[in-house]
Amino acid sequence: MPGDYRQRYLRLLPSVERVLQESILQDSLVEMPRSVVVEAVRDVIARKRVQIQNAAVDEALGLEFSPVRLAGEVLLALEEQTISSLRPVLNATGVILHTNLGRSPMAASAVQAVREIGGSFSNLELSLKTGKRFTRYEHVEALICRLTGAEAALVVNNNAGAVFLALNTLAAGREVIVSRGELVEVGGAFRIPEVMSGSGAKLVEVGATNKCYLKDYRRAAGEDTALLLKVHTSNYKILGFTAVVPARALVKLAAEQKIPCMEDLGSGVLVDLARYGLPREPMVQESIGAGVDVVTFSGDKLLGGPQAGIIAGKKKYLEQMRENQLLRALRVDKLSLAALEATLRLYLDENKALREIPVLRMLTLSPEELLRRAESLAGLLTEKLAGRCQVTITREKARVGGGSLPLASLPSMQICLEAPQENAGLLAAKLRRADPPVIVRVHKNRLFLDLRTVREEEDQLLVQTLLQILGSGEGNPEEAGTEQ
Ligand SMILES: *Cc1c(COP(=O)(O)O)cnc(C)c1O
């Protein structure tokens with residue numbers, strides 16, 4: 001009978017009670033509800049049962065069902081359940097605004113604000129002065145106005161939401177004129193043409209991909225035009241023979257047409273990056289200064305704060321957006337708002353912003369500082385990994401990422417690890433599953449760790465984790481490496 005051996009093995013499976021008696025499970029039985037442990041034991045036994053039922057004779061012989069072995073599997077499963085899915089990681093990719101890695105890490109004061117507001121009641125929608133209702137937006141409006149020169153401001157969930165709300169409010173059912181060269185796609189899901197149609201506005205493209213003149217906008221403007229839209233091509237550049245219409249000229253044309261002019265800045269930086277040797281990125285203050293009626297930008301790109309979409313501009317238009325029912329659906333939550341307020345406060349003193357906002361600090365780190373740290377870490381690694389792994393320092397450029405400054409490459413330093421006997425992809429996968437996870441770049445069977453995106457206070461932790469993983473030598477051949 002072919003089914004016989006299966007029956008025999010099924011009978012070998014220990015009972016739930018028997019596995020629960022194993023000594024390695026006793027701590028778990030004290031620390032967590034019995035039902036959770038029992039459930040995990042049942043799961044493991046059920047998994048074994050399926051294995052037996054699917055096994056051919058020879059394989060079945062290889063299966064091991066001792067209570068202690070099963071208890072070990074239970075323990076692993078219980079440990080996995082207690083680790084958070086969303087965890088802090090060490091970003092050694094050198095990409096500062098890495099959307100997959102949560103974009104910008106926040107300043108200490110922003111983190112503190114999240115802790116305080118999150119763990120307590122707050123005056124989110126209550127004026128402490130008058131005891132009356134207050135809108136959540138008022139906590140940051142004055143600050144945004146002060147920093148950008150705008151008359152009014154509003155904050156929503158993210159910049160995609162900001163653009164959507166502005167278009168829906170100002171142009172639903174009517175036309176919006178945009179240059180062909182500015183039909184941006186950001187991270188797949190956000191595309192100007194799609195956002196436009198979703199918002200109910202009609203896109204009117206003008207100009208050619210590389211050149212667009214004021215006369216193109218003028219020719220397209222008519223009865224049905226509701227808005228002139230300028231989009232900062234934040235994640236690409238058109239080079240060579242190009243022409244774009246400056247904001248000031250668009251503002252003038254919009255005024256003639258008695259319609260507003262809007263600019264989606266994407267990153268929305270508040271400090272002049274050119275002063276720190278970086279490529280110029282249009283500043284929010286400049287757009288407002290040029291008279292743009294509505295400016296939108298992200299909270300977690302170059303601003304270095306929480307995910308948020310900031311809308312700054314003329315009172316008249318901001319009032320209309322406040323009245324839009326969609327605002328409720330796009331509403332910013334109190335934690336982001338708390339972090340945003342704290343982040344914006346740092347900008348009141350530019351030096352403080354540069355020192356305390358991690359994104360700005362990383363952007364402006366000097367090569368000398370990076371070299372000093374790289375040499376110190378490489379020294380430690382060389383000493384401990386001698387014979388297993390070759391450690392060198394490379395000087396490749398780092399990217400800003402997050403759809404910002406696409407052409408900017410920052411002179412940077414990497415620690416390069418080469419273990420000729422091992423597959424770098426497998427090592428990267430092991431580092432990703434370490435505690436804390438370390439995210440590195442793999443190229444030509446070598447690991448590159450860029451220190452620009454690692455905070456100096458994380459250096460020791462990085463070395464320890466590397467030594468733990470690279471020093472241990474047991475490989476896991478099932479894990480195929482992915483080049484990042
Ligand atoms: C990034 C970006 C957006 C989307 O901003 P999120 O904050 O990611 O929603 C919109 N427009 C431009 C030009 C961008 O660069």
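Ligands are counted one by one from 1 in listed order, and the atoms in each one are counted from 1 as well. Given the structure is predicted, the values throughout are model-derived calculations rather than measurements.
For the pair Val163 and ligand 1, no heavy-atom separation below 4.0 Å is found. No heavy atom of Glu185 sits closer than 4.0 Å to any atom of ligand 1. At a 4.0 Å cut-off, at least one heavy atom of Lys301 sits close enough to ligand 1 to count as contact.
Proximity to His232 (heavy-atom distance under 4.0 Å) selects the following atoms of ligand 1: 13 (C). Each of the atoms 4 (C), 5 (O), 6 (P), 9 (O) of ligand 1 lies under 4.0 Å from some heavy atom of Ala160. Heavy-atom proximity to Gly266, at under 4.0 Å, picks out these atoms of ligand 1: 12 (C), 13 (C), 14 (C), 15 (O). Close approach of ligand 1 to Ser298 is summarised as follows: ligand atoms under 4.0 Å from at least one heavy atom of the residue are 5 (O), 6 (P), 7 (O).
A donor atom on one side chain and an acceptor atom on the other are found under 3.5 Å apart for Asn157 and Gln307.
At least one side-chain heavy atom of Leu124 sits less than 4.5 Å from a side-chain heavy atom of Leu337.
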Inset, instruction - Show your working on side-chain hydrogen bond (donor to acceptor under 3.5 Å, both in side chains) between Asn159 and Thr296 and close with a plain yes or no. - result: CA-CA 7 Å; Asn159 187 35; Thr296 66; 3.3 Å; yes
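The parts of Asn159 lying near ligand 1 are both backbone and side chain, judged by heavy-atom distances below 4.0 Å. At a heavy-atom cutoff of 4.0 Å, ligand 1 is contacted by the side chain of Arg103 but not by its backbone.
Salt-bridge check for Arg345 with Glu356: failed, with every basic side-chain N at 4.0 Å or more from each acidic carboxylate O.
Heavy atoms only, all atoms of each residue included: Arg432 and Pro437 are closest at O-CB, 3.1 Å.
No more than 12 heavy atoms of other residues, nucleotides or ligands sit less than 6.0 Å from atom CD of Glu80.
Interatomic distance, CD1 of Ile469 versus NZ of Lys430, reported as 6.5 Å (0.5 Å rounding).
Residue Ser267 has no nitrogen or oxygen atom sitting less than 3.5 Å from a nitrogen or oxygen atom of ligand 1, judged on distance alone.
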